[in-house]
There are 2 protein chains.
Amino acid sequence: MTVTLADVAARAQVSPATVSRVLNGNYPVAASTRERVLRAVDELDYVLNGPASALAAATSDLVGILVNDIADPFFGIMAGAIQSEIGGPGGRAGGERLAVVCNTGGSPERELTYLTLLQRQRAAAVVLTGGAVENAPHAAAVAAKLRKLGDAGTRVVLCGRPPAPDTEAIALTFDNRGGGRELTEHLIGLGHRRLGYIAGPEERTTTRHRLEGHRDALAAHGIEEDPRWTVYGRYDRRSGYEATLELLRRDPSLTAVVAANDSVALGACAALRDSGLRIPDDVSVAGFDDLPFSIDAVPALTTVRLPLAEAGARAGRIAMGREEPPPGGIATIRGELMVRGSSGVPRG
Amino acid sequence: MTVTLADVAARAQVSPATVSRVLNGNYPVAASTRERVLRAVDELDYVLNGPASALAAATSDLVGILVNDIADPFFGIMAGAIQSEIGGPGGRAGGERLAVVCNTGGSPERELTYLTLLQRQRAAAVVLTGGAVENAPHAAAVAAKLRKLGDAGTRVVLCGRPPAPDTEAIALTFDNRGGGRELTEHLIGLGHRRLGYIAGPEERTTTRHRLEGHRDALAAHGIEEDPRWTVYGRYDRRSGYEATLELLRRDPSLTAVVAANDSVALGACAALRDSGLRIPDDVSVAGFDDLPFSIDAVPALTTVRLPLAEAGARAGRIAMGREEPPPGGIATIRGELMVRGSSGVPRG
DNA sequence: AGCCGTACAGCAAGCGCTTTCTATCACGTC
DNA sequence: GACGTGATAGAAAGCGCTTGCTGTACGGCT
């Protein structure tokens, strides 16, 4: 069978308690004893039994990270940053933590199920990334779960997600609205007056906030919006391609297309090119997030940079209790407008 | 405190054993009893204690996924596919499994540490993705770990990684060599004779195999390779950019640049453009992997498509014991040459 | 010399669940 | 009508570790 603590204890001629204390380093043990134990551990190739340890100590070294789509660098970057901070291998000694990355696929049920699974594992902390689904019952269910997690001692951090009311969850929110406004203002400043907007999925906070920012900008400049100028889709390239075609069909006189994110913007670029339109000469395009590939688009994408890695790292530190939560438990993280080649003055 | 099995049992007026059996559904329980238990579970909002359960049953519902870089879609896509198959939420009932995605950052030590951590958690299965580090001591250490994991009942699957000798690990290997050969043959077929190659990090199986494929093709066509034509870098865009500049400096007469992967190729494109060269008129470019964004490059990238999602899904199923391992425990997955706009006949 | 504080080490009681083995009960069966 | 039989339910023994509490020995103190 596998080697147990008792085996190590026997070999080192000490009690199991002592071995445990050597391993955890939270109790004085004479240097000579420690060494003997360590040698035994080594010789027997002993590996602690995680579940047993978690049960006895009533703590776990698992940290949950919920993402909407792990194949999307937007989440991958955040997840990577979080993980690097929660002190898995490479982090400071002692706190060897395992990140559990859960892919919800944007589905509310899965989100809830994963939360339950993490609760079951008695996770040390949980970080929820990305926008939330805007649906009262679901939001309430999630809030309830988060409360329960919090009560059980699990630290809960929201990264790139709006605060969850009635919850102790710390929130690091992206200023999607402000970013959206700035972006559209930039385009308006260039002279655009007829702007198409490709939104993300409905019932998502991120989608709504970015769109609201866009509309705020339009309103602030007295531009009346044509309902035909907004199309909803998903956060992927394909969606951007199709939505752009639809936009062009509805109003061929558009001079700019603002996309919900960079992937969508790339799809939009492809659709425009396939339609024989030049960027930005005929139509300007703007994205959101500034993912690494955005600068490689031709022309490079005008977008709003979100400090994904920084936010993730901070969320990770807060989750580990290594950084003070922001005052009030809420911090708003601003994006930065990146003006690049895909936006220019409108034709004509 | 938190609700325990005993609380539920008391409320349902049955023994803890019965509650456990209802929850696990692996033992006959009268319908009426079951219902009573289920109601109690619901009313008390009971959540099983994972560690306790794992300890008693000597099994765990954790599945580890090791990736080199979670922010890279190459790994994100595989991880997502694996996860969707290991039956987390959304999968078939009963087997609610949690995926533990571990980001090694390509570091051998971290790889080993994570493996130990997973062993400690008594993971049900472990999937290692991506190329392996080619370093005898490390390879031996990993093999030893994998063997130990296997002995402990953890199923081990390698996805996109060469087989690990002396190990029971199932391997789903990408035919990097064949893909590399095909790609270069395509370029040679177009008339290229002076091809630069931007390789990945040294001491990596993926790097070596792709490069060997490239050289095989050159050799097969009697093209003598100039050592100046190969530059090693990392698997990212930045690296591709710099390496291309270096390549151009060493031999401005190159007519094609073959990159270790798509991100590198994108960087190469940027460098070429910044150097005033047109693609493919002046220089052809080729990538590898065919990640989603590759088709959006301008011109679209000629590359080798790897069925990442399919491979990941299959690895996931094998890890869960839901699919027969390939004969001999090894399967080679071929890539498909995707000829697109970034490659053309050489100038002059 | 006698006492006590300090520094270690061990005992043993769980942590919350699973599972084997042992009742119990209601039926048919011969 | 005694007894085998199948279907359920419970008792209890752990799973391997942590930790509060209880020794024990040694050195310094008065």
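A quick note: this is a predicted structure, and the numbers were derived from the prediction, not measured. By convention in this document, chain letters (A, B, ...) are assigned in the order of the sequence lines, proteins followed by strands, and residues within each chain are numbered from 1.
Taking every side-chain heavy atom of A:N24 into account, D:dT18 is the closest of C:dC11, C:dC8, D:dT18. Nearest to the side-chain atoms of A:P28 among the listed nucleotides D:dT18, C:dC8, D:dA11 stands C:dC8. Which of D:dT19, D:dA9, C:dC17 sits closest to the side chain of A:R21 comes down to D:dT19. Of the candidate nucleotides C:dC17, D:dC17, D:dA9, D:dA9 has the atom nearest to the side chain of B:A30. Counting only heavy atoms from C-beta on, A:L55 has its side chain closest to C:dC15 among C:dC15, D:dC15, D:dT8. Side-chain atoms of A:Y27 lie closest to C:dA9 of the nucleotides C:dA9, C:dT19, D:dT19. Which of C:dC17, D:dT18, C:dA9 sits closest to the side chain of B:Y46 comes down to C:dC17. Ranking C:dC11, C:dG14, D:dA9 by closeness to the A:A17 side chain, first place goes to C:dC11. Of the candidate nucleotides D:dG16, C:dC11, D:dC15, C:dC11 has the atom nearest to the side chain of A:S15.
With 3.5 Å as the limit, one finds a donor-acceptor pair spanning the side chains of A:S15 and A:T18.
Residue A:S20 has no polar side-chain atom (N or O) positioned under 4.0 Å from OP1 or OP2 of D:dC17. In this structure, B:T33 reaches the D:dA9 phosphate: one of its side-chain N or O atoms is under 4.0 Å from OP1 or OP2. In this structure, B:S53 reaches the C:dT18 phosphate: one of its side-chain N or O atoms is under 4.0 Å from OP1 or OP2.
Contact annotation for A:A58: no contact, since no heavy-atom pair falls under 4.0 Å across all strands. Within the nucleic acid shown, A:V19 has no heavy atom closer than 4.0 Å to any nucleic acid atom. Across all strands shown, A:N26 has heavy atoms under 4.0 Å from sugar-phosphate atoms exclusively, and none from any base.
Distance, B:R120 CZ to D:dC17 P: 11 Å, rounded to whole Å. We find that CG of B:L23 is positioned 12 Å from C1' of C:dT18, with the value rounded to whole Å. Regarding A:Q121, its CD atom lies at a distance of 15 Å from the P atom of C:dG16, rounded to whole Å. Between the CZ atom of A:R34 and the C1' atom of C:dC8 there is a distance of 12 Å, rounded to whole Å. One can place CZ of A:R122 at 20 Å from P of D:dC17, the figure rounded to the nearest angstrom. Remark: C1' of C:dG16 and CG of A:N49 are 14 Å apart, rounded to the nearest angstrom.
Sequence order on DNA chain D of the closest nucleotides to B:V14 and A:A54 puts B:V14 first from the 5' end. Nearest-nucleotide mapping onto DNA chain D: of A:A56 and B:Q13, the residue sitting toward the 5' end is B:Q13.
Atom OG in A:S53 sits 6.5 Å away from atom CG in A:N24 (nearest 0.5 Å). Residue B:I170 holds its CD1 atom at 10.5 Å from CD of B:E323, rounded to the nearest 0.5 Å. Atom CD1 of B:I77 is separated from atom CG of A:D72 by 10.0 Å, given to the nearest 0.5 angstrom. A:Y114 OH to A:L128 CG: the interatomic distance, rounded to the nearest 0.5 Å, is 13.5 Å. Atom CZ of B:R161 and atom CZ of B:R204 lie 9.5 Å apart (nearest 0.5 Å). B:E43 contributes atom CD, which lies 4.0 Å from atom CZ of B:R11 (distance to the nearest 0.5 angstrom).
Axis deviation across the helix from C:dA1-D:dT30 to C:dC30-D:dG1 amounts to 50°, comparing end segments of five pairs, rounded to 10 degrees.
The pair A:K145-A:E111 fails the salt-bridge criterion, with no side-chain N (NZ, NE, NH1 or NH2) lying under 4.0 Å from an Asp/Glu carboxylate O.
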